Amino acid sequence: MADMSLLILPGDGIGPEVMTEVRKIIDWFGSTRNLTFDVSEGLVGGASYDAHGTPLTDETMARAQEVDAVLLGAVGGPQYDELDFSVKPERGLLRLRKEMDLYANLRPAQCFDALADFSSLKRDVVSGLDLMIVRELTSGIYFGEPRGIQDDTDGGRVGINTQRYTTAEIRRVARSAFELARKRDNRVCSMEKANVMESGILWRQEVQWVHDNEYPDVELSHMYADAGAMQIVRWPKQFDVIVTDNLFGDLLSDAAAMLTGSLGMLPSASLGTPMENGRPKALYEPVHGSAPDIAGQGKANPIACILSFAMALRYSFDRREDAALLERAVEKALANGARTGDLMAEGDAKPLSTSQMGDAILTILNES
Ligand code: IPM
Ligand code: MG
């Protein structure tokens, strides 16, 4: 294995299209920056179900455990809606997260100046925004037992999911949030529903414990998650790092995504504990989904996936300069007016295709 290994899982819908652009970027870093990756590719989600009858094979799972970083496109599509729950495309992604123990999901919401007018919020509310949501990703109601749909005593049925968090699970994700905050504006806001949930009370106490015992220098505040959702759309710049559980993080990060103008812009990193070589277990994926309505048409915005690769450069390979180089190229392409369909205003000229957007970013990289 080369010194830096990547497993690429394009997945479903627009996943393969956006990943093609990322491959071009990876090749560029190989040929001009001497960053050579051992790249392998596999199937996940519906694509894997179609080929193998399962959304993730054991072989692909094993490969994901071996490599330094997994890059994933998207999973899901309406043709899989009727499938049994256990083989739904999403189960492939959840298995990767769970078995790789990727407990800290970093979802940055940054508003590029060139796009501040695309947000549904006013320019002054979002311009300059730089917020980081740290979502717990391997526990909570997504995985808690008991779960299932059962016959109920009244002749009807009952659907059950369980919200469950342990001290260790809360403390480790809190540490991730405090560590990040120290490299940013040194502030963490923790969100739960301690007013109605015991798991929320424990969450609040354990985050406070980590703060008091290990990170007293970081400013910590607590907020109920519903109030937090409201504050995210009212005045998002009040936040630096938000730490929250799996389900609340899912919701709050979609809301935060809209602040940046388009869901097509947001990358994410899911990190676990360090491997033998010191690199963390890691999976990088755009926050957007498979967008079946535009799949296969060359309309998708590849930026979220490209920025996810930039996060891989930063968090897996410690190549901060290369990550910044790529992020600046994206920013400059947008400033030059490069726009895919999701970033168009009425009356704008024809949008760029997925591959034209990739090329626009490559052109800037070549000039750098
Ligand atoms: C996300 C997605 C996933 C989630 C789905 C695809 C399982 O919405 O990554 O935010 O709910 O975690
Ligand atoms: Mg989601």
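Small disclaimer: the values here were computed from a predicted structure and weren't measured. We count ligands from 1, going down the list as the structure has it; atoms in each ligand are counted the same way.
Counting heavy atoms under 4.0 Å from ligand 1, residue K88 does not touch it at all. By the criterion of a heavy-atom distance under 4.0 Å, neither the backbone nor the side chain of R91 is placed next to ligand 1. At a heavy-atom distance under 4.0 Å, no atom of H288 approaches ligand 1.
Looking at M223 and Q231, their side chains come closer than 4.5 Å, going by heavy atoms from C-beta outward.
Of the residues V173, L220, D212, the one that meets the side chain to side chain contact (heavy atoms under 4.5 Å, CB included) test with V207 is L220. For the pairing with Y165, the ring-ring contact (aromatic ring centres under 6.0 Å, His included) check across Y103, Y142, F248, W203 returns one residue only, W203.
In summary, the side chains of R164 and S199 do not present any donor paired with an acceptor at a separation below 3.5 Å, with no hydrogens or angles considered.
Judged by the shortest distance from any of its heavy atoms, R97 lies inside the 4.0 Å radius around the atoms of ligand 1.
Residue Y142 has at least one heavy-atom neighbour below 4.0 Å for each of these atoms of ligand 1: 4 (C), 11 (O), 12 (O).
The side-chain hydrogen bond (donor to acceptor under 3.5 Å, both in side chains) test applied to N213 returns no partner, not counting sequence neighbours. Not counting sequence neighbours, the partners of F317 by the ring pair (Phe, Tyr, Trp, His ring centres under 6.0 Å) test are F37.
Close N/O approach between R107 and ligand 1 is found [any backbone or side-chain N/O within under 3.5 Å]. Distances between N or O atoms of R135 and those of ligand 1 include at least one value under 3.5 Å.
Figure legend: R33 and W28 shown without cation-pi pairing, the cationic atom not lying both under 6.0 angstrom from the six-membered ring centre and within 45 degrees of its axis.
Looking only at protein heavy atoms, the nearest one to atom 5 (C) of ligand 1 is E90 CG, 4.3 Å.
Here the shortest heavy-atom distance to atom 8 (O) of ligand 1, taken over V75, D250, L137, belongs to D250.
Within D250, the N, O or S atom lying nearest to the Mg ion (ligand 2) carries the name OD1.
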